[in-house]
Amino acid sequence: MRIPHCSEENISIRPARPDELAAVAGLRWEWLVENGSQGLGEPEDFVRHFVAWAGENARTHRCTVVVRGDRVIGMAWLAVVQRVPTPRSPRRASGDVQCVYVVPEARDGGLGGRLVRAVLDGARELGPERVTVLQPAGHPRLRPQRPRGVAPAAPGAARPRVSRMILRPSGGIAGERGGVVRCWIRTGH
């Protein structure tokens with residue numbers, strides 16, 4: 001069943017509520033099954049473990065969900081870790097976007113991008129220096145976005161495979177070759 005392009009009144013993208021964590025665990029399970037994982041054990045055991053883990057790690061791992069009506073159809077996590085202090089910055093943190101997933105029937109409508117933007121907006125409020133967004137290089141559904149103000153390469157120009165992009169508020173970009181696309185989004189702190 002394909003979910004039609006949803007109007008704003010049908011979709012909510014917001015922090016997960018404690019009573020939604022079992023549904024989020026179900027999404028994590030569904031993701032693994034969708035990608036061919038086998039021998040995962042019993043779903044009920046995993047849900048119990050996942051919900052307990054989320055509670056124990058709530059200070060460092062924050063879940064954002066996509067909800068259609070009363071059904072959780074997408075999730076993304078922001079892990080925030082403290083960084084080694086410097087004399088100029090005694091309190092430092094970095095963020096890492098993890099476990100971005102939207103159910104198959106809700107894909108191709110922009111919900112995944114909106115979900116990641118919501119996580120990044122939430123990260124800015126928490127104040128980490130940067131947030132890392134990883135994706136498998138060559139993933140058929142994911143494409144790194146060119147920052148505003150950065151011109152595309154000239155037609156026919158050689159295009160090295162970019163695996164790490166450091167995005168700055170000024171729109172500057174640097175890249176390296178490799179097997180994973182990594183975007184470090186500087187938050188200005």
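Fair warning: this is a prediction, and the values are worked out from it, not measured in the lab. Reckoned from all heavy atoms, side chains included, excluding hydrogens, waters and symmetry mates.
Listed by chain and residue number, Asp96 satisfy the side chain to side chain donor-acceptor pair (under 3.5 Å) test with Gln98 (two or more places apart in sequence, or in another chain). For Val100, the side-chain contact (heavy atoms from CB on, under 4.5 Å) partners two or more places apart in sequence, or in a different chain, are Ala76, Val97, Leu115, Val116. Among residues two or more places apart in sequence or in another chain, the ring-ring contact (aromatic ring centres under 6.0 Å, His included) test is passed with Tyr101 by Trp31. Contacts of Arg28 classified as salt bridge (Lys or Arg N to Asp or Glu O under 4.0 Å), with partners at least two apart in sequence or in another chain: none. Here Arg92 pairs with Glu129 under the salt bridge (Lys or Arg N to Asp or Glu O under 4.0 Å) rule; sequence neighbours left out. With sequence neighbours excluded, no residue forms a salt bridge (Lys or Arg N to Asp or Glu O under 4.0 Å) with Glu30. Judged as a side-chain contact (heavy atoms from CB on, under 4.5 Å), and not counting sequence neighbours, the contacts of Val72 are Glu20, Ala23, Val24, Leu27, Val65, Val67.
We find the OG-CG distance between Ser12 and Asp70 to be 11.5 Å, quoted to the nearest 0.5 Å. A distance of 8.5 Å separates CZ of Phe46 from CG of Leu40, quoted to the nearest 0.5 Å. One distance of note links SG of Cys63 with CE of Met75; it measures 7.0 Å at 0.5 Å rounding.
The list of side chain to side chain donor-acceptor pair (under 3.5 Å) pairs with a residue in residues 48-66, not counting sequence neighbours, reads Asp45-Arg48.
Each of Leu78 and Val81 belongs to its own hydrophobic cluster when Ile, Leu, Val, Met, Phe, Trp and Tyr are linked at side-chain heavy-atom distances under 4.5 angstrom.
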Side chain to side chain contact (heavy atoms under 4.5 Å, CB included) assessment of Val131 paired with Arg124: CA-CA 9 Å; Val131 173; Arg124 285 183 186 95; over 6 Å; no
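Under a 3.5 Å cut-off, the side chain of Arg107 and the backbone N or O of Val102 do form a donor-acceptor pair.
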